[in-house]
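Below is one structure; the comments refer to it alone.
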Amino acid sequence: MNNFTYYSPTEFVFGRGVEEGIGKRAAEKGFQRALIVYGKGSVVRSGLLDRVKASLDAAGVAHVELAGVRPNPEVESVREGIRIVREEGVDLILPIGGGSVIDCAKAVAFGALHDGDVWDFFCGKAQVTQALPIFCVLTIPAAGSEASSSCVISNDEIHAKRGTNGDAFRPMVAFMNPEITFSLPAYQTAAGVTDMIAHICERWFSGVGAVRVTDNIAAGLIRTLMAAAPCVLDNPEDYDARADIMWAGMLAHNDIAGCGRALNPTGRAGGWESHGLEHELSAFDTSITHGAGLAVVMPAWMRYVWREDPSRFLQFALDVFDIEPIDDTDEAVEDAVTAAIDELQAFFVDMGMPKTMGELGLRVEDLDAVIETLHATKGDVFGAFKPLTMDDARAIYESAFNDPALPSLEEMDEELEA
């Protein structure tokens, strides 16, 4: 177990109807004017926005709004939020939504205190050291933004999707009511669960060996998600299963599943290769849902890199799927690892997630543009489990156009020649 620093300052208010106490909590902490940040209408149609505003009104907390934040939030929305904060004298940022809305709000919170442009934080020109306080109401369990030190923003002008990290913008209070998620579409629920599992896997395959306490937490979270997801897809109003997913999503990304895995005490565990590969896909085509992209990219990455440290994949196979090799031969090890990766991808597909790049609407000829932006973001080499070159990245992307359950075109050609 490597040295680590674990910091989780967020206060969690969890359960039925907790959003109705937002105003009282904000007033108790001395806040006077909130910027409510939300997306494209679901919080309006459900009545959630009105409940939050009524709670603020009853407590005497004034509020203004930034509406219309899209999935894969764009930097222009952040800039508009910063303008509102400065003009209106806002002292509390209050996102109501999922990861995209919360990430937009986080960027507003630290961008409003910066003399330059907020994109400075996403291109390496500035580091986050301060931010306005954030309360959040989670509506889509997925990204774990309600407690994480991560923020990811897109810039359509340069076809980029980049992240920054900082403890200063972890939310002060997160209100988490599983009932709010009853109306989530099945696809969104599945994409969220996929993203949660990816957050855990990025830390598991960090380039650091076994850390049994953390491994058991991580594997338990994945097993819980795999048990709960079918329940809510079959019965969207299964409160206990929704609660399991909501809480597991937070734990998947508040860094507890990576303790002891970072290569330095202040760093985040893992090289985040799958996220890096996927971010370029949803930057290239902003209609690609992040979780759906991960459902395609992460198994392809796993198949490409597992030989770098078979023991980590064998532990994953055992702890998550109860799969063990029948003996210690190379063939048996490969069979066990492949079976575990196949099981994980089958779970994604059973939830309704795509399996190949083509299902995401991408073409092989799109890869030149994707690799170009990946190189601009990551440099020549990136990753921790196995450092990836741009040639490696291209090979992973190309492999993800093929259904691993079917022979590739090259294999079919070889069979025909034989």
Side-chain angles (χ1 to χ4, degrees), residues 39-40 68-82 98-108 110-111 114 116-126 128 142-143 145 150-165 191 194-195 198 202 271-298 300-301 354 356-383 388-401:
K40 295 184 178 293
V69 176
R70 73 176 198 197
N72 298 312
E74 216 275 332
V75 70
E76 283 302 319
S77 291
V78 178
R79 291 171 178 146
E80 174 63 11
I82 291 170
S100 293
V101 168
I102 298 174
D103 276 9
C104 178
K106 287 178 174 179
V108 171
F110 58 76
H114 178 55
D117 183 63
V118 69
W119 191 251
D120 292 347
F121 295 100
F122 298 92
C123 63
K125 293 182 180 179
V128 178
S145 294
S150 300
C151 175
V152 179
I153 299 294
S154 294
N155 187 330
D156 289 355
E157 184 178 356
I158 59 174
H159 299 288
K161 182 177 180 180
R162 296 179 184 171
T164 190
N165 293 89
T194 302
D195 194 14
E202 298 280 20
W272 294 79
E273 296 90 336
S274 294
H275 271 70
L277 291 164
E278 194 292 317
H279 281 163
E280 301 310 322
L281 302 184
S282 47
F284 177 81
D285 180 353
T286 59
S287 70
I288 294 174
T289 301
H290 176 55
L294 285 169
V296 173
V297 168
M298 190 168 66
W301 172 82
T356 67
M357 296 275 270
E359 292 175 67
L360 295 172
L362 295 166
R363 305 167 301 169
V364 173
E365 48 265 40
D366 295 328
L367 291 184
D368 287 343
V370 171
I371 293 292
E372 181 179 351
T373 58
L374 179 67
H375 184 259
T377 302
K378 296 293 188 182
D380 292 336
V381 180
F382 71 102
L388 301 176
T389 66
M390 292 302 107
D391 287 341
D392 291 325
R394 185 182 291 274
I396 292 168
Y397 284 139
E398 288 178 346
S399 72
F401 279 95

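This chain uses plain numbering: 1 for the first residue, then up along the sequence.
Contacts of Asp156 classified as side-chain contact (heavy atoms from CB on, under 4.5 Å), with partners at least two apart in sequence or in another chain: Arg70, Glu74, Ser154, Thr286. Taking Phe122 as the reference, Trp119 meet the ring pair (Phe, Tyr, Trp, His ring centres under 6.0 Å) condition, with sequence neighbours excluded. For Ser77, the side-chain contact (heavy atoms from CB on, under 4.5 Å) partners are Cys104, not counting sequence neighbours. His375 meets the ring pair (Phe, Tyr, Trp, His ring centres under 6.0 Å) test with no other residue; sequence neighbours excluded. Applying the side-chain hydrogen bond (donor to acceptor under 3.5 Å, both in side chains) test to Thr373 and every residue at least two apart in sequence or in another chain returns Glu280. The ring pair (Phe, Tyr, Trp, His ring centres under 6.0 Å) search around His275 returns His199, Trp272, His279, His290, not counting sequence neighbours. For Glu80, the side-chain hydrogen bond (donor to acceptor under 3.5 Å, both in side chains) criterion is met by Arg83, not counting sequence neighbours. Every residue two or more places apart in sequence or in another chain that forms a side-chain contact (heavy atoms from CB on, under 4.5 Å) with Thr356 is listed here: Glu359, Asp403. Residues forming a side-chain contact (heavy atoms from CB on, under 4.5 Å) with Ser100 (at least two apart in sequence, or on another chain): Pro71, Pro73. Here Arg79 pairs with Glu76, Asp117 under the side-chain hydrogen bond (donor to acceptor under 3.5 Å, both in side chains) rule; sequence neighbours left out. In this view, Asn155 satisfies the side-chain hydrogen bond (donor to acceptor under 3.5 Å, both in side chains) rule with no residue, not counting sequence neighbours.
Under a 3.5 Å cut-off, the side chain of Tyr397 and the backbone N or O of Leu277 do form a donor-acceptor pair. Between the side chain of Lys106 and the main chain of Ser150, a donor-acceptor pair closer than 3.5 Å is present. Under the 3.5 Å distance criterion, the side-chain polar atoms of Asp195 are left unmatched by any main-chain donor or acceptor of Gly291. Within the 3.5 Å criterion, the main-chain N or O of Gly116 finds no donor-acceptor partner in the side chain of Lys125.
Side-chain contact annotation: Ser274 with Glu278, donor-acceptor N/O pair under 3.5 Å absent.
Minimum heavy-atom separation, Leu281 to Val370: CD2-CG1, 4.0 Å. Between Ala107 and Val118 the shortest heavy-atom distance is O-CG2, 3.7 Å. A pairwise comparison of heavy atoms in Leu360 and Pro354 identifies CD2-CG, 3.7 Å as the closest pair. Listed here is the closest heavy atom pair of Ala300 and Ala400: CB-CB, 3.9 Å. Summarising the geometry of Ile288 relative to Asn72, their closest heavy-atom pair is O-ND2, 3.4 Å, with the distance given to 0.1 Å.
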Step by step, work out the side-chain contact (heavy atoms from CB on, under 4.5 Å) result for Phe382 and Thr377. CA-CA 10 Å; Phe382 71 102; Thr377 302; over 6 Å; no

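In this structure, the side chains of Cys151 and Phe121 stay at 4.5 Å or more apart for every pair of heavy atoms. Two residues are said to be in side-chain contact when any heavy atoms from C-beta on lie closer than 4.5 Å; His114 and Ile82 fail this criterion. No side-chain heavy atom of Met298 sits less than 4.5 Å from a side-chain heavy atom of Glu273.
Of the inter-residue distances, the one linking Lys161 atom NZ with Ile153 atom CD1 reads 10.0 Å to the nearest 0.5 angstrom. Distance check: Met357 CE to Ile396 CD1 gives 10.5 Å after rounding to the nearest 0.5 Å. Rounding to the nearest 0.5 Å gives a distance of 12.0 Å between CZ of Phe284 and CD1 of Ile371.
Within the structure, salt bridge (charged side-chain N to carboxylate O under 4.0 Å, His left out) pairs that include any residue of residues 365-379 comprise Arg363-Glu365, Arg363-Asp366, Asp368-Arg394 (at least two apart or interchain).
The side-chain contact (heavy atoms from CB on, under 4.5 Å) test with Trp301 is passed by exactly one of Val296, Leu294, Leu388: Leu388.
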